[in-house]
Amino acid sequence: MSWVSHNFGWFYIMSVVTFIGFCLWISLSKYGKIKLGKDNEEPEFSTFSWYAMLFCGSTGIGLVFWSIAEPLSHYAAPPFGIEAGTIKAIDFSIRTCYLHWGITQWVCFAIVGLGVAYFQFCKGKNAQLSNLLSPLVGEKLTNGWFGKFIDGFSVVVSFAGVATSLGLGVAQICGGLNYLFKIPQTENTILTIIILITLVFVISAITGVYKGIKLLSNLNTYLALTLLLLAFIVGPKITILNNMTNSVGQHIQYFFKDVFMINAFGDNEWVMNWRVFYFAWFVAWTPFVGMFVARISKGRTIREFILGVVIVPTIFTILWLSVFSAIALSTVQGWSLEAVRELIAKPETAVFVVFSEYPLNEVISILIIVLLGVFFITSADSATYSLSVMTSNGDITPPVYKKVVWGIVVATIAYVLLSAGSLRPLQTISIAATLPFLVVMIALMPALVKDLRQSV
């Protein structure tokens, strides 16, 4: 992973910027009006349920995990050239969280999701990712060894990425239960939580997209909105509103400077450990999130797709982070930097420690634990479904036994790694392995445009 980061950090940055430009261009172009499906087909899901599944089936669990810990991390340990604990560090911290969890991750999901949806619903192909490259390399290669390699590699990248992220979610649930109720963070606790949650998400995955996943995503969205509202009510409201106004302006003003941030001659440790790491992590999620996003977007136009998959989630993410970052940074004002660093050394409990300073802290903490549990379920739902499709020759109605097997395998790996005391090995593998898949994502853009030109 160190080799990939050092030699190709610039490549990840340039790729993400290219994805942003491509999504903007294709949504505003004449291709934006093309429907992902037949001309008379309507969307399968209501707009609210669609947005709910988009958010809950992707990295929502990571947003909850890092919404307190990450702003404090950049405040206490910013990159070279910014003094820790200053107003400059605060401004940098918040707009950096917007960049990491906003548009840069959603364009990655949109690139793959759009390609899968177009070739599946407009061209009648199956949902295998190798089909996305057929306009460039031809049907013979995509149906042969090359296509099998792309599809197999996508499974490996997806599996590693989702197992790691679900492990983080379980770690935070355990941390919250320990902090609130003194439940010991033992292997038995981890195993019990994973078994209970796995049972729910496997049952949900078996019932399918229309029932289990849709129902849980709607529920989770209501829970998230409730938590956001409660956090705003108990938090420093004027500070939150001022923070939102200032940080959005900062994000717009410094967007290009921040997204292109990499030193030619200086220290790049922060850039590699945070920005490049995040970009690679999002790429690790793109095969299965993109496939899931495509599945639920039938009947939308390309313009609607980009708006729903990129713009709306980015706005919600900024709203969420503006509230939680203001609460986090307000809480630690007056603390020593060492105390802040001790807090973020255990990111799984940081959110509970911060909210202990506010009214309704127990209610909010329990709500966070429930939200994490449901996020775990919805993310695992979408991952289990997508992995089952990938290993069923792109059949969007994979057999039930494959959903069950993948659900158990992902949960088992998360448990084994947590029991061993570190998710880092699998996280490292998943991120190091994203470099070849990033090349596939880049090739997807000209392939899609080539086919669109022939169709219009």
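What's counted below: heavy atoms across the whole structure, side chains too, no hydrogens, waters or symmetry copies. The residues of the chain are indexed from 1 along the displayed sequence.
Close placement of the F316 and F55 rings is indicated, their centers lying within 6.0 Å of each other. Between F8 and W3, the distance separating the two ring centers is shorter than 6.0 angstrom. Note: F277 and W274 fail the aromatic proximity criterion, with ring centroids not under 6.0 Å apart. No close placement of the F109 and F19 rings is indicated, their centers lying 6.0 Å or farther apart.
At least one donor-acceptor pair closer than 3.5 Å links the side chain of T86 to the backbone N or O of A89.
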Kindly determine whether L435 and Y12 satisfy side chain to side chain contact (heavy atoms under 4.5 Å, CB included), including the steps that lead there.
CA-CA 8 Å; L435 183 60; Y12 280 91; 3.7 Å; yes
List the steps and the verdict of side chain to side chain contact (heavy atoms under 4.5 Å, CB included) for L129 and V440.
CA-CA 9 Å; L129 295 177; V440 173; over 6 Å; no
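Between E44 and R295 there is a salt bridge, with a side-chain nitrogen of the basic residue lying less than 4.0 Å from a carboxylate oxygen of the acidic one.
Note: Y278 and H100 have tilted aromatic rings, judged against thresholds of 30 and 60 degrees for the angle between ring planes. In this structure, F256 and F260 have parallel ring planes: the angle between them is below the 30° cut-off, well short of the 60° mark.
A ring-ring contact (aromatic ring centres under 6.0 Å, His included) check over residues 321-350, counting only residues at least two apart or in different chains, returns the pairs W320-F324, F324-F355.
For D151, there are no salt bridge (charged side-chain N to carboxylate O under 4.0 Å, His left out) partners at least two apart in sequence or on another chain.
For the 3.5 Å distance criterion, the side chains of T314 and W101 fail to qualify, holding no donor opposite an acceptor.
The side-chain tip of R275 does not point at the ring of W270 from less than 6.0 angstrom away and within 45° of straight on.
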